[in-house]
Undergrad: 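The following block contains the structure, expressed as structure tokens.
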There are 2 protein chains.
Amino acid sequence: MVATLKDVANKAGVSTSAVSRAFTDGASVSSKMRKKVEKAASELGYSPNFLARSLTTRRTKLIGLVSNNFHNPIFLEVFDLFTRGLQDRGLRPLLVNLSDETNPEQSLQMLRQYSVDGVLVASSTLPPEFSMAFRSKGIPVINTFGRYSSSPEVHVVGIDNVEAGRMAARELAQRNYKAVAFLGGPEIATSTQDRLKGFREEMAKYPLIRISHTFAKEYSFQAGRTEMLRLSKGDVAEAYFCGDDVLSIGVLSAIKDIGLEVPKDIGLIGFNDMKMSSWESISLTTIHQPIQQIINSSIELMVAMFDEPNRYPEARLFPCQIIERGTLRPRL
Amino acid sequence: MVATLKDVANKAGVSTSAVSRAFTDGASVSSKMRKKVEKAASELGYSPNFLARSLTTRRTKLIGLVSNNFHNPIFLEVFDLFTRGLQDRGLRPLLVNLSDETNPEQSLQMLRQYSVDGVLVASSTLPPEFSMAFRSKGIPVINTFGRYSSSPEVHVVGIDNVEAGRMAARELAQRNYKAVAFLGGPEIATSTQDRLKGFREEMAKYPLIRISHTFAKEYSFQAGRTEMLRLSKGDVAEAYFCGDDVLSIGVLSAIKDIGLEVPKDIGLIGFNDMKMSSWESISLTTIHQPIQQIINSSIELMVAMFDEPNRYPEARLFPCQIIERGTLRPRL
DNA sequence: TATTTCTTTGCAACCCGTTGCAAAGAAATC
DNA sequence: GATTTCTTTGCAACGGGTTGCAAAGAAATA
């Protein structure tokens, strides 16, 4: 049915090695030979079978792209950037939807069966052990958006969540809020823990500011809304640092329902700066996470690991940035 | 490094065929043999290489998942459902981001090189020729969310966009709007064309209703917003049928800026019923597209084609449904 | 032109599995 | 117990490529 290397060799009257070489960059072939082969190949509509090739080259150019977050719109941006970045380098993303799973075993086995060249774990909630499982089997792995401190054995590309928490704290302090709160994502998420940690650390410098914290069940609109509605039954803070933009939007919705106004009655700063946050109807002040850079860097690091599998693990952290929009009152 | 079938065979003291059979369902192996092999295999941490296997079985279980829309949040839901559905059946999605490309050649070649078992084209904007290219090379292909009428050679799973357009028209008529407009996505998108077609057809039955139409540059918030702002400089209709929810949300934002109120001054009905449309702060009346069913059905059809590659092409269309929320005035 | 060096080519083994076929072994029948 | 039938096993060829090595050919040097 579909033409093979042998067919091309027959048609061109040359050996199979010659054909193979004609399709390999930098192989030892004369240009006459290459021309002859290419002619035969194009007449037959031949192109090499990557999977057969991978058997000997040990390179599939398949990359496992693992995520456990298919609900937060920011991940659509993430997938877009990852797929384009990989494609541009001739790599192919094998998408793995982890859903509720946090155990690496299944994914690990599956990705090994497909001999992926590497694995990109795109998650800010998975425990470091997840990525470690791949590394310990010798598969290059990058934990994008991961926590760097606790897993120095694995490459991490992302941001310093602790510092981001401090940044939020400084910002609220500068705007003279006297009672602030952190409204995080799921308590077990490493990103939430770290942002809270930084937030408290920094706030400790302002003894006059009251601080509290609480967690939403997940990074989602409804979770944010629900949590804020719950909070509204008690003492409401003057400003909230919200662990994620989609969560923030839920919170905004709740605030409106309660009958309060942003930023007049209550301040809000989000996290991520997803596209939607800049929509005029939302206009969320938030902390921008440079996902374009993070993703590019993740891919570059992955590619570098192909040549240097035992590369010493590093953490690549990018600075975040406050994006001023309409949900915090002006600075002093 | 990683254990192969031969290693297992040596360790267990049996032939490679025996090992192979032990890992194949329904193969002729005694249970003693299987036990022996499994023991050796688990000691070595062996699991079969799918790609090597695929050379002889001619099944990779890889499915190309092709999309050109990484901006509309509905596609996050689509990816979620597709990846889970495929995984549940032991299939693996190889994600292809088409971006601006509409030419199938590159994707076709790439997916052939990876010997995918089938291709799912998830797009309501790609021309039918795109999917046809795969079919003509003998690769099972389903056009999910595609247009059925113009490409009877390819399997299509989705909705009847013309009928959906009629549905919107009926709904607006029933609510006694006297000047309505269709605000579609990109004019070249088949889905936009069909929805407009149905909308006009149905509206033709109501000679007293004035009707017009216009197109946004793409299915996005900004495109919707921009288009509505532009429209606001001229004659504004009483109600808009918007070709997509994210577009609608942009339109809503513009309406607010203009100083009009929904549904008091102006009505709006969207399309898709993405998660976000049900957020309390948006509460968009819209037409629900049953994407869960569409995607399940697409996958089932794909699987059926494995056994019956020349299956006569069919269109599977699912009915849509109006979801009443807060952006249309009550029925008469 | 003869010799040396470099480039190009083909052979054959290999990558990691599967599978048709025949031989060996076990079970069933007489 | 001998014969027939069924099950299990191993051999060897195969799937679609790549690659080390040696031979052949071309170019460079003497």
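Since this is a predicted model, take the numbers as computed values, not measurements. Note on naming: letters A, B, ... go to the chains in the order of the sequence lines (proteins, then strands), and numbering restarts at 1 for each one. Only this structure's heavy atoms are used, side chains among them; waters, hydrogens and symmetry mates stay out.
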Undergrad: Side chain of A/Thr56: nearest nucleotide among D/dT8, C/dC14, C/dC11?
TA: C/dC14
Undergrad: The side chain of B/Ser30 is closest to which nucleotide in this list: D/dT9, D/dT19, C/dT18?
TA: D/dT9
Undergrad: First locate atom OG of A/Ser107, then atom CG of A/Asn68, and finally report the distance between them rounded to the nearest 0.5 Å.
TA: 10.0 Å
Undergrad: Does the side chain of A/Tyr46 get closer than 4.0 angstrom to OP1 or OP2 of D/dG17 through an N or O atom?
TA: yes
Undergrad: Nearest to the side chain of A/Arg21, heavy atoms from C-beta on, is which of C/dT19, D/dC11, C/dT9?
TA: C/dT9
Undergrad: Just call it for A/Ser20: base, sugar-phosphate, or nothing, with non-hydrogen atoms closer than 4.0 Å on any strand.
TA: base
Undergrad: Within this structure, what is the CG-to-P distance between A/Asp25 and D/dT18, rounded to whole angstrom?
TA: 12 Å
Undergrad: So if I take every side-chain heavy atom of B/Leu55 and compare against D/dG10, D/dT19, D/dG15, which nucleotide ends up nearest?
TA: D/dG15
Undergrad: Provide the Watson-Crick or G-U wobble partner of D/dA23, both distances under 3.5 Å; none if there is no partner.
TA: C/dT8
Undergrad: Please report, rounded to the nearest Å, how far the P atom of C/dT8 is from the NZ atom of A/Lys35.
TA: 13 Å
Undergrad: Supply the atom-to-atom distance B/Thr60 OG1 to B/Arg53 CZ, rounded to the nearest 0.5 angstrom.
TA: 12.0 Å
Undergrad: Side chain of B/Val29: nearest nucleotide among C/dC16, D/dT9, D/dG16?
TA: D/dT9
Undergrad: Which one, C/dG10, C/dC14, D/dG15, comes nearest to the side chain of B/Arg58?
TA: D/dG15
Undergrad: Taking the minimum atom-to-atom distance to the side chain of A/Met33, which one of D/dT9, D/dT18, C/dG10 wins?
TA: C/dG10
Undergrad: Report the distance from atom NZ of A/Lys32 to atom P of C/dT9, rounded to the nearest whole Å.
TA: 8 Å
Undergrad: How close or far is atom P of C/dG10 from atom NZ of A/Lys36, stated in whole angstroms?
TA: 7 Å
Undergrad: Using 4.0 Å as the upper bound for N to carboxylate O, is an ion pair formed by A/Lys11 and A/Glu43?
TA: yes
Undergrad: For residues A/Ile294 and A/Val78, determine if any side-chain heavy atom of one lies less than 4.5 Å from a side-chain heavy atom of the other.
TA: no
Undergrad: Does the pair B/Asp88 and B/Arg84 meet the rule for a salt bridge (Lys or Arg N to Asp or Glu O under 4.0 Å), with working shown?
TA: CA-CA 6 Å; B/Asp88 289 349; B/Arg84 294 163 86 133; over 6 Å; no
Undergrad: Please figure out whether A/Thr16 or B/Arg53 has its closest DNA chain D nucleotide nearer the 5' end.
TA: B/Arg53
Undergrad: What is the separation between atom CG on B/Leu51 and atom P on C/dT18, rounded to the nearest whole Å?
TA: 12 Å
Undergrad: What is the separation between atom OH on A/Tyr114 and atom P on C/dC16, rounded to the nearest whole Å?
TA: 18 Å
Undergrad: When all nucleic acid strands are considered with a 4.0 Å heavy-atom cut-off, which category describes B/Ser17: base, sugar-phosphate, or nothing?
TA: base
Undergrad: Send over the distance from A/Asn49 CG to C/dG17 P, rounded to a whole Å.
TA: 16 Å
Undergrad: Could you state the CZ-P distance from B/Arg112 to D/dG16, rounded to the nearest angstrom?
TA: 13 Å
Undergrad: As a test of reading the structure: which of D/dG17, C/dT18, D/dT9 is closest to the side chain of B/Leu5, going by heavy atoms?
TA: C/dT18
Undergrad: Distance only, no hydrogens: is a donor on one side chain within 3.5 Å (strictly under) of an acceptor on the other, for B/Asn69 and B/Ser67?
TA: no
